[in-house]
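Structure first, then comments.
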Amino acid sequence: EDWRERGAAVGARQEVDSNGQVQTRNVKKGVKDFNFGRTLGEGSYSTVLAATDRQNQKEYAIKVLDKRHIIKEKKVKYVNIERDTLNRLTEHPGIVRLYYTFQDERSLYFVLDLASSGELLGVLKKLGSFDIECTQFYGAQILDSVAYMHSRGIIHRDLKPENVLLDRNMHTKITDFGTAKILPDPAASGSGLDVVPGSPIDGADNDRANSFVGTAEYVSPELLNRSNACKASDLWAFGCIIYQLLAGRPPFKAANEYLTFQKILSLKYSFPDGFPPAARDLVERLLVLEPANRLPIEHIKNHEFFDGVQWGRGLWRHNPPRLK
Ligand SMILES: Nc1ncnc2c1ncn2[C@@H]1O[C@H](COP(=O)(O)OP(=O)(O)OP(=O)(O)O)[C@@H](O)[C@H]1O
Ligand SMILES: O=C(O)[C@@H]1CCC(=O)N(CCc2ccc(Cl)cc2)[C@H]1c1ccccc1Cl
């Protein structure tokens with residue numbers, strides 16, 4: 001296919017805004033519409049830059065991917081999965097939002113929410129560990145976002161403090177959806193559509209993007225046993241994150257990945273002295289080998305550890321507790 005830009009199509013789109021007014025928006029943005037600033041970070045196939053929209057002075061993070069590199073490394077599938085998942089996760093404050101995509105001859109561009117306070121991992125490393133109040137708050141925000149993802153049929157599959165970014169108000173923004181799994185749309189498959197074995201909608205882990213295994217310390221036993229990722233795989237990772245926020249290290253960590261995997265499969269981990277009892281009980285109900293026996297999200301929200309947490313919009317309106 002001819003990748004060359006066919007000229008930034010200046011398409012206008014009619015939209016009805018919240019007052020019922022018809023708004024005509026010039027939807028197709030291009031590189032020229034932004035002033036690019038500092039480099040926020042580098043990925044294996046990407047560079048993320050801060051940028052300002054020249055029309056409305058809004059600040060964004062723009063993720064730039066080199067097409068040749070993506071094609072050479074056979075990562076085109078991940079690019080399309082990242083775009084498809086972000087396009088389905090547009091209505092939650094705890095998930096990095098995708099505003100526009102555009103491309104030029106050399107690169108692809110994703111215009112995203114700017115999370116200007118870096119990664120949760122960085123803050124955790126600086127403090128060593130979080131107190132109960134901060135773990136409750138950040139744990140609650142992450143869980144609220146995972147609940148939304150799952151309600152939209154998305155499994156993240158690589159949840160970890162590195163992928164939980166922080167915005168200027170220190171609220172969380174989950175990122176890195178290139179390795180997510182999009183569950184078949186129940187409505188679509190409900191249409192009597194018979195599932196052809198090996199077809200994309202049979203959820204089989206036969207193709208590359210589906211056979212993905214996450215980051216060693218957070219990968220769930222079922223993924224190591226070569227069975228399908230499921231929503232409960234994200235809850236295993238969530239259990240590892242709660243443990244890590246309070247203990248200052250993940251529950252399963254060994255000298256190399258193979259030894260880490262052995263610890264996970266044999267559930268070999270322990271709690272440091274002084275680990276809060278309510279948190280311990282919650283983690284013990286999440287780090288369970290059988291995915292079906294892990295505490296479901298609604299039960300996690302009602303767990304004693306989250307007593308006093310105001311779920312819903314309140315969680316995103318109030319200032320986070322001071323990290324100390
Ligand atoms: N929306 C954002 N706002 C601020 N910083 C971001 C944003 N998205 C990514 N970053 C930072 O940019 C860096 C690169 O992120 P990116 O998602 O491109 O690659 P990655 O997922 O970190 O690496 P890899 O592709 O190897 O997994 C990361 O350090 C991340 O913290
Ligand atoms: O889905 C979209 O938003 C468009 C649709 C049209 C299009 O051509 N692209 C780029 C597809 C693509 C993916 C990978 C490479 Cl290496 C090259 C092109 C898509 C695209 C453009 C910019 C950034 C990301 C993507 Cl997926």
Side-chain angles (χ1 to χ4, degrees), residues 1-9 11 13 27-31 33-34 36-53 58-90 92-125 145 156-180 182 208-209 212-219:
E1 178 169 342
D2 171 5
W3 301 126
R4 266 179 294 287
E5 188 63 57
R6 292 177 201 77
R13 184 167 66 199
V27 281
K28 201 64 196 159
K29 296 267 183 186
V31 177
D33 296 303
F34 298 91
F36 285 80
R38 68 190 176 101
T39 298
L40 294 162
E42 308 267 343
S44 319
Y45 313 97
S46 52
T47 299
V48 182
L49 300 159
T52 307
D53 185 324
K58 274 189 178 181
E59 285 195 298
Y60 296 98
I62 299 190
K63 183 166 177 172
V64 187
L65 299 119
D66 180 84
K67 290 182 186 177
R68 285 165 48 83
H69 187 43
I70 298 271
I71 293 170
K72 187 161 46 66
E73 301 291 317
K74 298 185 178 30
K75 295 291 176 190
V76 175
K77 197 183 272 255
Y78 286 93
V79 172
N80 290 320
I81 288 175
E82 181 159 29
R83 181 232 18 231
D84 291 345
T85 46
L86 288 174
N87 281 338
R88 285 169 73 135
L89 301 174
T90 56
H92 197 280
I95 292 168
V96 164
R97 183 163 165 202
L98 172 63
Y99 295 89
Y100 319 103
T101 57
F102 50 81
Q103 59 182 306
D104 57 23
E105 196 147 300
R106 280 192 48 186
S107 307
L108 300 172
Y109 301 83
F110 287 85
V111 181
L112 302 159
D113 270 326
L114 171 63
S116 51
S117 301
E119 301 174 356
L120 183 65
L121 180 67
V123 173
L124 179 63
K125 283 193 166 165
S145 305
H156 188 284
R157 299 203 296 182
D158 197 14
L159 281 178
K160 53 184 177 177
E162 204 173 345
N163 285 338
V164 179
L165 305 184
L166 296 161
D167 69 11
R168 56 183 306 164
N169 304 316
M170 294 304 278
H171 284 281
T172 57
K173 291 265 181 210
I174 294 178
T175 187
D176 213 355
F177 288 89
T179 47
I182 303 175
R208 197 182 359 208
F212 163 78
V213 164
T215 306
E217 285 77 11
Y218 307 89
V219 74

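Not measured: the values here are computed from a predicted model. When a ligand or atom number is given, it counts from 1 through the structure's own listing order.
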Item to check | Residue, atom name and distance, where the atom is the protein heavy atom closest to atom 28 (C) of ligand 1 | outcome: E119 OE2, 3.7 Å

Checklist entry - Which of the listed options, G178, S117, G41, S44, holds the heavy atom that is closest to atom 25 (O) of ligand 1? => result S44

Checklist entry - So is K67 polar-close to ligand 2, meaning N/O to N/O under 3.5 Å? => result no

Item to check | Atoms in ligand 2 with a heavy atom of I70 nearer than 4.0 Å | outcome: 16 (Cl)

Checklist entry - Looking at N80, which atoms of ligand 2 are within less than 4.0 Å of one of its heavy atoms? => result 26 (Cl)

Next on the checklist: My understanding is that we take every heavy atom of each candidate and find the minimum distance to atom 13 (C) of ligand 2. Doing that for L65, L108, D66, L98, which one comes out nearest?
Outcome noted: L108

Checklist entry - Judging by distance only, is a nitrogen or oxygen of S116 under 3.5 angstrom from one on ligand 1? => result no

Checklist entry - Any nitrogen or oxygen of D113, main chain or side chain, under 3.5 Å from a nitrogen or oxygen of ligand 1? => result yes

Checklist entry - Quick one: nearest non-hydrogen protein atom to atom 20 (P) of ligand 1, plus distance? => result G43 CA, 4.0 Å

Next on the checklist: Using a 4.0 Å heavy-atom cut-off, which part of F110 comes near ligand 2: side chain, backbone, both, or neither?
Outcome noted: side chain

Checklist entry - Less than 4.0 Å between a side-chain N and a carboxylate O, is that true for E105 and K67? => result no

Checklist entry - Is it true that the side chains of D104 and Y109 contain a donor and an acceptor less than 3.5 Å apart? => result yes

Item to check | Partner of D113 by salt bridge (charged side-chain N to carboxylate O under 4.0 Å, His left out), out of K58, K173, R97 | outcome: K173

Next on the checklist: Looking only at the side chains, is there a donor atom on one of T175 and N163 sitting less than 3.5 Å from an acceptor on the other?
Outcome noted: no

Next on the checklist: Return the closest protein heavy atom for atom 9 (C) of ligand 1 as residue, atom name and distance.
Outcome noted: V48 CG2, 3.8 Å

Next on the checklist: Is there a polar contact between ligand 1 and T175, counting only N or O atoms under 3.5 Å apart?
Outcome noted: no

Checklist entry - Are the charged groups of E162 and K160 less than 4.0 angstrom apart, N to O? => result yes

Checklist entry - Would atom 22 (O) of ligand 1 count as contacted, meaning some protein heavy atom under 4.0 Å? => result no

Next on the checklist: As an exercise, state the distance from OG of S145 to CD1 of I174, rounded to the nearest 0.5 Å.
Outcome noted: 4.5 Å

Next on the checklist: Tell me whether the rings of F34 and Y60 are parallel (<30°), tilted (30 to 60°) or perpendicular (>60°).
Outcome noted: perpendicular

Next on the checklist: Between ligand 1 and Y45, is the shortest N or O to N or O distance under 3.5 Å?
Outcome noted: no

Next on the checklist: Quick check on contacts: which atoms of ligand 2 are under 4.0 angstrom from a heavy atom of I71?
Outcome noted: 16 (Cl)

Checklist entry - Which is closest to atom 5 (N) of ligand 1 by heavy-atom distance: L98, L40, L114, N163? => result L40

Next on the checklist: Side chains of T52 and E59 only: does a donor on one sit below 3.5 Å from an acceptor on the other?
Outcome noted: no

Checklist entry - Which residue from K63, R83, K72, K77 reaches closest to atom 1 (O) of ligand 2 through any of its heavy atoms? => result R83

Item to check | Any N or O of A115 closer than 3.5 Å to N or O of ligand 1 | outcome: yes

